[in-house]
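Order of the sequence lines fixes the chain letters, A, B, ..., with proteins taken first and strands second; residue numbering starts at 1 for each chain. Because only heavy atoms are used, hydrogens play no part in the values below, and waters and symmetry mates are left out as well, while side chains stay in.
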Amino acid sequence: MVDFANKEERNKYRHSTSHIMAQAIKRLWPETKLAIGPAIDDGFYYDFDRDEAFSSEDLKKIEDEMKRIVKENLPIERFELPRAEARKLMEEKGEPYKVELIDDLPEDAVISFYKQGEFTDLCAGPHMESTGEIRAFKLLSCAGAYWRGSEKNKMLQRIYGTSFPDKEQLKAFVAAREEALKRDHNKLGRELEYFTTVDYIGQGLPILLPKGARVIQLLQRWVEDVEQKNGCLLTKTPYFAKRDLYRISGHWDHYRDGMFIMGDADDESKECFALRPMTCPFQYQVFLTRQRSYRDLPMRLTETSTLFRNEDSGEMHGLIRVRQFTISEGHYIIRPDQLEQEFANCLELAKYFLGTVGLLEDCTFRFSQWDPSNPKNKYEGTKEQWEESQAAMKKILDDLGLEYTVGIDEAAFYGPKLDIQYKNVFGKEDTLVTIQIDMLLAEKFGMEYIDKDGQKKLPYIIHRTSLGCFERTLAYLIEKYAGCLPLWMAPEQVRILPIADAHLDRAFEIRDALRAKGIRAEVDDRSEKLGKKIREANINKVIYMFTVGDKEVEEGNVSVRSRFEGDLGSMSIDQISSKLLEEIETKKAVKQ
RNA sequence: GCCAAUGUGGCUCAGGGGUAGAGCAAUUCACUCGUAAUGAAUAGGUCGUGGGUUCGAUUCCCACCAUUGGCUCCA
């Protein structure tokens, strides 16, 4: 019996399932070339090179063949070969990708193979004892994937699948997956009218509808307010600038493909502008307006910044990945001795924001480092400068006792990052918040301050977001709360349901009284039955419903119904508004 | 950008070489209703866009646009 709670055991089980899939495919289409096929978090995949694309019918065929292989209960045997023989074996089997893998193995590597029946695969293992041990599996999807993850290489076909020790667990996994997809912000956010897209506006350019715009507005006001209390200075800088600015910052060299450029980038005789992909070079100008002293530091500049990035066409996803977005961005210009304290301050602030909206518990931290061997001219600066900034960040993170993973080649072009990561309903991870150390750009812009000793010195800069990008955050909030946001950020906090048309006047009176208190209220003024109005208020994820009929008009009350607690009985307007206002003021969490 | 799938009234979907249907939503009318769907009627689509094949295309072919899942990239 396999211990599925143990990650190694689980991975072994699923890795063996991927070999069974590869074997099935080789039986069905022997000309298919094998690439790699590891276990992943929720299952496994295997990459194949085959001229024809795998269809959904093919997946069924493959599953059937896999069942046969399981039934055959083939023993899985490991053996080793010296390099030359290993290479020869894979050449004979017509597996060029495997040959390439062998050639790239370190000289002293043990080259092992796993054999099950007629199928032999180059593999480090470990594996199960026999194919019969695999009890329940399912192939989930096909996708393209570059050989060795490089877009310069051929695109292979990847088949994703998963497996479990029994059918029940597999069923539960599939059910949970379907349940998660119901929270998909891209579907729910459109249904609930948070946002929409229009073909002729363009990809990655969503329209925030009144409800979505409202949520973002209140998040933004809250963030700006808290930041101000935290000593931040709000700026408003232009949305675009001449290419000269980006030349200094390095964006022109390292980020031009990601920018929307207005005018001919290559014609030096003409003016050329670009929309800003980041706010850094603009905000530095604030520091540069006059001579600065060490007393001016830290200078915590923040801006609610709309940014423009020309993402490749296949990258866009709902509100999570867009071409225009608004971010709570900031640049802390600091003395080197203030680095640790200011970094900790940024992290605390981000944790406060994420914790309050309820996302922090599902976040993970990633220390994003440079990759000196990155072939694409991605990074600015020298090896020494990178080693210094990364060592500084490592020390800070370790001193703070933060648990994090390391992401190689995930750094910004000017420095290492602490990325706070979040996963969407498909399990895809993106950055929600980032805090970055930059020891390069101050020098490029000639940003100096006069230190105590009268000497000119270069400041450090922390680039940071606090609640990150509002569009993306909204997307995750919709997914986290399945569309029903906590009361304090709900676009519609109360829906008033008059029983009959005779109660309409009173309903509007109540609405206006609530609005006067700052509560977002609407009236369902249709001539429908109460049951229908409640049903639709629930579908629309409204938390509080106030029923108004003869009794309520007479008493001057409303009957309160909560989405979560059901009928709460009759209350006066003052009574219920105080309850609501307290819930709003304290930013109370809701059930999910 | 790359691999693949998809695109039929606001939404969910059926259909299919001879110019289109259902449910929900919408509108109107009747009902004036007490805690998750009242009934009836009406209106709404050049079948994503542009080419091509054909006597004839929404259906077949090509290109483009958009959407979806991945890859690469990234907040």
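Using a 3.5 Å distance cut-off with no hydrogens or angles, the side chains of A:Tyr160 and A:Arg158 do pair a donor with an acceptor. Inspection of the A:Thr306 and A:Gln324 side chains reveals no N or O donor paired with an N or O acceptor under 3.5 Å. Side chain to side chain, A:Arg561 and A:Tyr544 fail the donor-acceptor criterion of an N or O pair below 3.5 Å. Counting only N and O atoms by type, the side chains of A:His503 and A:Asp550 include a donor and acceptor under 3.5 Å apart. Side-chain N/O atoms of A:Asp42 and A:Thr162 include no donor and acceptor closer than 3.5 Å. Inspection of the A:Thr237 and A:Gln283 side chains reveals no N or O donor paired with an N or O acceptor under 3.5 Å.
Remark: A:Asp409 CG is packed, more than 12 non-hydrogen atoms of other residues, nucleotides or ligands lying under 6.0 Å away. Surrounding CZ of A:Phe240 are at most 12 heavy atoms belonging to other residues, nucleotides or ligands under 6.0 Å away.
To the nearest whole angstrom, the two C1' atoms, one in B:U72 and one in B:G9, are 38 Å apart. Here, B:U49 and B:U58 have their C1' atoms 13 Å apart, quoted to the whole Å. If you take atom P in B:A5 and the same atom in B:C47, they sit 24 Å apart, rounded to whole Å. Comparing B:G51 with B:G10, their C1' atoms sit 30 Å apart, to the nearest whole Å. Taking atom P in both B:U32 and B:G69, one finds a spacing of 49 Å when rounded to whole Å. Annotation: B:U67 and B:C73 have their P atoms spaced 22 Å apart (nearest Å). Rounded to whole Å, the separation between the P atoms of B:A41 and B:U46 comes to 25 Å. Annotation: B:G50 and B:U8 have their P atoms spaced 16 Å apart (nearest Å).
Using Watson-Crick or G-U wobble geometry with both donor-acceptor distances under 3.5 Å, B:U46 finds no partner in any strand shown. Across all strands shown, B:G21 forms a Watson-Crick or G-U wobble pair, both distances under 3.5 Å, with B:C13. Base-pair partner of B:G56: not found among the strands shown (Watson-Crick or G-U wobble, both distances under 3.5 Å). B:U28 and B:A40 make up a base pair, with Watson-Crick or G-U wobble contacts both under 3.5 Å. Across the strands present, B:G34 finds no partner; the criterion is a Watson-Crick or G-U wobble pair with both atom distances under 3.5 angstrom.
Here the side chain of A:Asp430 is nearest to one of B:C73, B:C33, B:C74, namely B:C74. Of the candidates B:G70, B:G34, B:U35, the closest approach to any side-chain atom of A:Phe426 belongs to B:G70. Among the nucleotides B:G70, B:A75, B:U35, the one closest to any side-chain atom of A:Ala143 is B:G70. Of the listed nucleotides (B:C33, B:A75, B:C2), B:C2 has the atom at the smallest distance from the side chain of A:Tyr146. The A:Arg561 side chain lies nearest to B:A36 when the options are B:U67, B:A36, B:A75. Of the candidate nucleotides B:G34, B:U68, B:C73, B:G34 has the atom lying nearest to any side-chain atom of A:Thr547. For A:Arg309, whose side chain is taken as the heavy atoms from C-beta onward, the closest listed nucleotide among B:C74, B:U35, B:G1 is B:C74. Side-chain proximity of A:Ser527 to the nucleotides B:U32, B:C73, B:U67 is greatest for B:U32. In the set B:G34, B:C71, B:U32, the nucleotide with an atom closest to the side chain of A:Arg158 is B:C71. Checking B:U32, B:G70, B:A75 against every side-chain atom of A:Asp501, the shortest atom distance belongs to B:U32.
Residue contacts for A:Ile320: at a heavy-atom cut-off of 4.0 Å it reaches a base atom on one of the strands shown. Residue contacts shown for A:Lys533 are absent, as no nucleic acid heavy atom lies under 4.0 Å away. A:Lys378 comes within contact range of the sugar-phosphate backbone alone, with a heavy-atom separation under 4.0 Å but no base atom that close. Residue-level contact check: A:Asp550 touches the bases, meaning some heavy atom is under 4.0 Å from a base atom. As judged by a 4.0 angstrom heavy-atom cut-off over every strand, A:Val322 is placed among the base-contacting residues. Note on A:Gly314: a base of the nucleic acid sits closer than 4.0 angstrom, heavy atoms only. Looking at heavy-atom distances under 4.0 Å, A:Gly149 makes contact with sugar-phosphate atoms alone, never a base. Looking at heavy-atom distances under 4.0 Å, A:Ser559 makes contact with a base. Residue contacts shown for A:Lys154 are absent, as no nucleic acid heavy atom lies under 4.0 Å away. Within 4.0 Å of A:Glu528, counting heavy atoms only, lies at least one base atom of the nucleic acid. Note on A:Ala145: only backbone sugar-phosphate atoms sit closer than 4.0 angstrom, heavy atoms only; bases stay farther off. Within 4.0 Å (heavy atoms only), A:Gln436 reaches no atom of the nucleic acid at all.
The base of B:A75 is paired with the side chain of A:Glu311 by a donor and an acceptor separated by under 3.5 Å. In the interface, the side chain of A:Arg148 is not paired with the base of B:C71 through any donor and acceptor atom under 3.5 Å apart. Side-chain atoms of A:Gln203 and base atoms of B:U67 include no donor and acceptor less than 3.5 Å apart.
For the pair A:Leu432 CG and B:C74 C1', the interatomic distance rounds to 14 Å; values are reported in whole Å. Taking atom CG on A:Asp51 and atom P on B:A4, their separation rounds to 11 Å, with Å as the unit. Nucleotide B:G70 holds its P atom 15 Å from the CG atom of A:Asp47, rounded to whole Å. Here B:C33 presents its C1' atom at 13 Å from CG of A:Asp524, a figure rounded to the nearest Å. Atom CD in A:Glu52 sits about 14 Å away from atom C1' in B:C3, given to the nearest Å. Summarising the geometry, the separation between CD on A:Glu193 and P on B:A26 is reported as 11 Å, rounded to the nearest angstrom. As a whole-Å value, the separation of A:Tyr414 OH from B:C74 C1' is 12 Å. Computed from coordinates, the A:Lys423 NZ to B:G70 P distance equals 12 Å when rounded to whole Å.
Comparing A:Arg535 and A:Ser141, the nucleotide of RNA chain B nearest to each residue sits closer to the 5' end for A:Arg535. Positionally, the nearest nucleotide of RNA chain B for A:Glu536 lies more toward the 5' end than for the other of A:Glu536 and A:His503.
One finds a side-chain N or O of A:His317 lying less than 4.0 angstrom from the OP1 or OP2 phosphate oxygen of B:G69. In this structure, A:Tyr160 reaches the B:C71 phosphate: one of its side-chain N or O atoms is under 4.0 Å from OP1 or OP2. Neither OP1 nor OP2 of B:C31 sits under 4.0 Å from any side-chain N or O of A:Lys532. A:Thr465 has no side-chain polar atom (N or O) that falls below the 4.0 Å cut-off from OP1 or OP2 of B:A75.
Seen from the ring of A:Phe54, A:Arg50 counts as a face-on cation partner, given the 6.0 Å and 45° thresholds.
Centre separation under 5.5 Å together with a plane angle under 30° holds for the ring of A:Phe325 and the six-membered base ring of B:A75, marking them as stacked.
Between A:Trp252 and A:Tyr246, the two ring planes are parallel [angle under 30°; tilted spans 30° to 60°].
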